[in-house]
Amino acid sequence: MNLPNKLTVARIIAVPFFIGLYMTEHYFLALFLFILASLTDMLDGQIARARGLITNFGKIMDPLADKILVYSAFCLLVADEDQLVPAWMLAVILAREFLVAGMRTVAASEGIVIAADMSGKIKTVLQMIAVPLLILTKASGGPVYSTASLSSIQELTDSLASGDAVSGSINWIALLAQLFLWASLVMTVVSGIQYVMNNKSVFRQ
């Protein structure tokens, strides 16, 4: 197994440790491990391209490792008492992933390997930024502004209306986390549509 593929496997191995740290409320350690695992996603791709080590294993397992890491985090954030990610949002994201996975399976049965495209990579990057910000929001203990909670949304709108943005009492990390979360959701839908349009031949099998 070459180095990029080892990094991919290491990212998968890191997931249960990340889950354990988050569930035992070691949020900063969980945050550190998530960021470290996310960096291996950048490294394995760069090394594979630079050294000509691109393999079918890497094409399939690299995006899969990303999904295992990111969606494990999303599940934790949905289950969290503050519900940092709305359950419906995770449902939309997973629906897209199952659709893409199904199309890849059909393509693979015909001997065709479909690698991740640019829109899918942008979606993953946005998610990998949103998750650490959401974990940091949890660790900070301040307002979370979760769109899963009407009271949390009301808290944000009241703060903005009262001028708290000027006084500095708004949790900007939480606000930024929600912005990246919603941006990743938009790219999830866009990349899913683009993926289907670019691989319509799969439906003719």
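The figures here come from the full heavy-atom set of this structure, side chains too, leaving out hydrogens, waters and symmetry mates.
- Judged by distance alone, the side chains of Gln127 and Ser184 never bring a donor and an acceptor atom under 3.5 Å apart.
- When every heavy atom of Gly120 is checked against every heavy atom of Ser191, the shortest pair comes out as N-CB, 3.8 Å.
- A chain of hydrophobic side-chain contacts below 4.5 Å, direct or via other Ile, Leu, Val, Met, Phe, Trp or Tyr residues, connects Leu31 to Phe17.
- Taking 4.5 Å as the limit, every side-chain heavy atom of Asn5 sits out of range of all side-chain heavy atoms of Met61.
- In Met23, the CE atom is not crowded: 12 or fewer heavy atoms of neighbouring residues, nucleotides or ligands sit closer than 6.0 Å.
- By the criterion of side-chain heavy atoms lying less than 4.5 angstrom apart, applied directly or through intervening Ile, Leu, Val, Met, Phe, Trp or Tyr residues, Met118 is grouped together with Ile129 in one hydrophobic cluster.
- Atom CG of Leu94 is separated from atom CE of Met89 by 12.5 Å, given to the nearest 0.5 angstrom.
- Under the 30°/60° scheme for interplanar angles, the aromatic rings of Tyr22 and Phe18 are found to be tilted.
- How far OH of Tyr27 is from CG of Leu76: 9.5 Å, rounded to the nearest 0.5 Å.
- Using modelled atom types, one finds no donor on one side chain facing an acceptor on the other under 3.5 Å when comparing Thr124 with Asp66.
- Expressed to the nearest 0.5 Å, how far CG of Leu176 lies from CG of Leu181 amounts to 11.5 Å.
- Comment: Asp44 does not engage Lys6 in a salt bridge, judged by the lack of any side-chain N to carboxylate O separation of less than 4.0 angstrom.
- The 12-atom threshold is not exceeded at CZ of Phe32, counting heavy atoms of other residues, nucleotides or ligands nearer than 6.0 Å.
- Summarising the geometry, atom CG belonging to Leu179 is positioned 9.5 Å from atom CH2 belonging to Trp172; distances are rounded to the nearest 0.5 Å.
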One pair to check against side chain to side chain contact (heavy atoms under 4.5 Å, CB included): Cys75 and Leu90. What are the steps and the verdict?
CA-CA 8 Å; Cys75 287; Leu90 179 59; 4.0 Å; yes
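- The line from CZ of Arg96 to CD1 of Ile193 is 10.5 Å long, rounded to the nearest 0.5 Å.
- Atom CG in Leu134 sits 10.0 Å away from atom CG in Asp80 (nearest 0.5 Å).
- Both Leu43 and Leu3 belong to a common hydrophobic cluster when Ile, Leu, Val, Met, Phe, Trp and Tyr are linked at side-chain heavy-atom distances under 4.5 angstrom.
- Hydrophobic clustering keeps Val186 apart from Met197 (ILVMFWY residues linked when any side-chain heavy atoms are closer than 4.5 Å, directly or through intermediates).
- Taken together through direct or relayed side-chain contacts under 4.5 Å among Ile, Leu, Val, Met, Phe, Trp and Tyr, Trp182 and Ile93 form part of one hydrophobic cluster.
- Counting heavy atoms from C-beta outward, Arg51 and Asn2 have side chains that stay 4.5 Å or more apart.
- Across every non-hydrogen atom of Thr137 and Ala174, the tightest pair is OG1-CA, 3.3 Å.
- Of the residues Thr40, Ile54, Ile47, Asp62, the one that meets the side chain to side chain contact (heavy atoms under 4.5 Å, CB included) test with Pro4 is Ile47.
- With a 4.5 Å cut-off on side-chain heavy atoms, Leu69 and Ser38 count as touching.
- Using a cutoff of 4.0 Å between basic side-chain nitrogens and carboxylate oxygens, Lys123 and Glu97 are scored as salt-bridged.
- No side-chain heavy atom of Met187 sits less than 4.5 Å from a side-chain heavy atom of Lys121.
- Residues Pro86 and Val78 have side chains not in contact (no heavy-atom distance under 4.5 Å, counting atoms from C-beta outward).
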